[in-house]
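See structure below.
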Protein chains: 2
Amino acid sequence: MAFELVAGLAAKEYVTDLKLCRVLFEDNKYYPWIFLVPKKENTKNMTNLNMEERFQLMREIALAESVMFKLFSCDQDNVAMIGNMTPQLHVHIVCRKQGDPEWPDTVWNRTTGKYAPEVKAEIIAKIRAEFETQKQNPQYGQF
Amino acid sequence: MAFELVAGLAAKEYVTDLKLCRVLFEDNKYYPWIFLVPKKENTKNMTNLNMEERFQLMREIALAESVMFKLFSCDQDNVAMIGNMTPQLHVHIVCRKQGDPEWPDTVWNRTTGKYAPEVKAEIIAKIRAEFETQKQNPQYGQF
């Protein structure tokens, strides 16, 4: 599949590749936050995926939720496809905690703050390693 | 499947039932907006669904997107599972238009305004009828 990330997503940190999606990291120290971006050309939203691709996206969302719940203390995960500003399908997976800066509101266009670079590198490495471990589970599809 | 809607969802208008989900309507005249609520007990978020249920949820999301794009003029649909305030899995499907009151921001906890009752009844009837037509399409599962 030939695909390119639009500018808003190309600026995000790379985590790993899954069968359908590239995993990217959002540099916001208040919330553990990743994206799943289907590696398919001209994909603005889910209506550009066929049903088999939608099922694989769902498997990879399940994998991403499992990774994030394992690594971080989450009271709730927010899973969202919005795309008003970035015209390429990307699924937000955000760990939320009661008492986080915006709880119980949503996180979009609110509190931001960057990680210290060494902390960020460590968190991305942890997320990548956990994806490597869990993606062996056949329920998430063949990787 | 025995299930009950939590208070925040029980207050929403009923649209129709699908195989997995109940479809509810959000009374916000600025955005065509529905919810899919899996009819399964003790379902706080998607991690409470097994993979077959997740696939059926994805089929029903695809059906709901198709219904909403057919009926309303949408530039983008927002599909989101948040659940910070309402502890029962519900998928937001919101039609967005460039120039709508919050575009390109998100819609949660922002501009609200109720429909006139007769307009609301007419829109719900239109959405219900379109679900009845499109759910015959076998790609959305057996209803």
Side-chain angles (χ1 to χ4, degrees), chain A residues 8 31 44-70 74-100 102-110 137-141, chain B residues 8 31 44-70 74-100 102-110 137-141:
Chain A
Y31 316 99
K44 183 166 173 280
N45 56 47
M46 282 204 295
T47 63
N48 302 119
L49 301 180
N50 64 37
M51 200 60 77
E52 278 310 310
E53 291 164 340
R54 283 183 182 256
F55 290 166
Q56 185 57 28
L57 179 61
M58 188 53 102
R59 287 189 193 96
E60 296 181 9
I61 290 171
L63 168 59
E65 290 181 285
S66 179
V67 164
M68 299 300 270
F69 270 107
K70 174 82 184 293
C74 299
D75 292 315
Q76 178 68 9
D77 67 326
N78 298 163
V79 177
M81 289 141 265
I82 299 173
N84 302 343
M85 298 191 189
T86 302
Q88 180 168 25
L89 176 58
H90 56 289
V91 183
H92 297 261
I93 313 264
V94 191
C95 281
R96 304 299 307 278
K97 223 174 146 43
Q98 288 177 29
D100 74 29
E102 297 296 343
W103 184 268
D105 286 336
T106 59
V107 293
W108 295 284
N109 311 312
R110 302 292 189 93
N137 183 330
Q139 78 166 314
Y140 300 130
Chain B
Y31 315 99
K44 183 165 173 281
N45 56 47
M46 281 205 295
T47 64
N48 302 120
L49 300 181
N50 64 36
M51 200 60 77
E52 278 310 310
E53 292 164 339
R54 282 183 182 257
F55 290 167
Q56 185 58 27
L57 179 61
M58 187 53 102
R59 287 189 192 96
E60 296 181 9
I61 289 172
L63 169 60
E65 290 181 284
S66 179
V67 164
M68 298 300 269
F69 271 108
K70 174 81 184 294
C74 298
D75 292 315
Q76 178 67 10
D77 66 327
N78 297 163
V79 177
M81 289 140 265
I82 299 173
N84 302 342
M85 299 190 189
T86 303
Q88 180 168 24
L89 176 59
H90 56 289
V91 183
H92 297 260
I93 314 263
V94 192
C95 281
R96 303 299 307 278
K97 224 176 145 41
Q98 288 177 28
D100 74 29
E102 297 297 342
W103 184 267
D105 287 335
T106 58
V107 293
W108 294 285
N109 310 312
R110 302 292 189 93
N137 183 332
Q139 78 166 316
Y140 300 129

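Keep in mind that what you see is a predicted model, and the values were worked out from it rather than measured. In what follows, chains are A, B, ... by sequence order, proteins preceding strands, each numbered from 1.
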Winner by heavy-atom pair count (cut-off under 4.5 Å) against chain B, out of A/Lys44, A/Met51, A/Met81, A/Arg54: A/Arg54
For chain B, the option from A/Ser66, A/Ala62, A/Pro87 that forms the most heavy-atom pairs under 4.5 Å: A/Ala62
Under 4.5 Å from any heavy atom of chain A - which part of B/Glu65: side chain
Which portion of B/Asp105 sits near chain A, non-hydrogen atoms under 4.5 angstrom: both
Plane angle bin for A/Phe55 and B/Phe55 - parallel if under 30°, tilted between 30 and 60°, otherwise perpendicular: parallel
Residue pair B/Met46 / A/Ile61: nearest heavy atoms and the distance that separates them: CE-CG2, 3.7 Å
Greatest number of heavy atom pairs closer than 4.5 Å to chain A - which of B/Val94, B/Asn45, B/Leu49: B/Asn45
Residue among B/Trp103, B/Phe69, B/Trp108 with most heavy-atom pairs under 4.5 Å to chain A: B/Trp103
Atom pair CE (B/Met58) and CD (A/Gln56), whose distance is rounded to the nearest 0.5 Å: 10.5 Å
Residue A/Asp77 versus chain B: region with a heavy atom under 4.5 Å: both
CG on A/Asn50 to CD on B/Gln139, rounded to 0.5 Å: 9.0 Å
Pairwise distance CG(B/Asp100) to CG(A/Asn84) - rounded to 0.5 angstrom: 7.5 Å
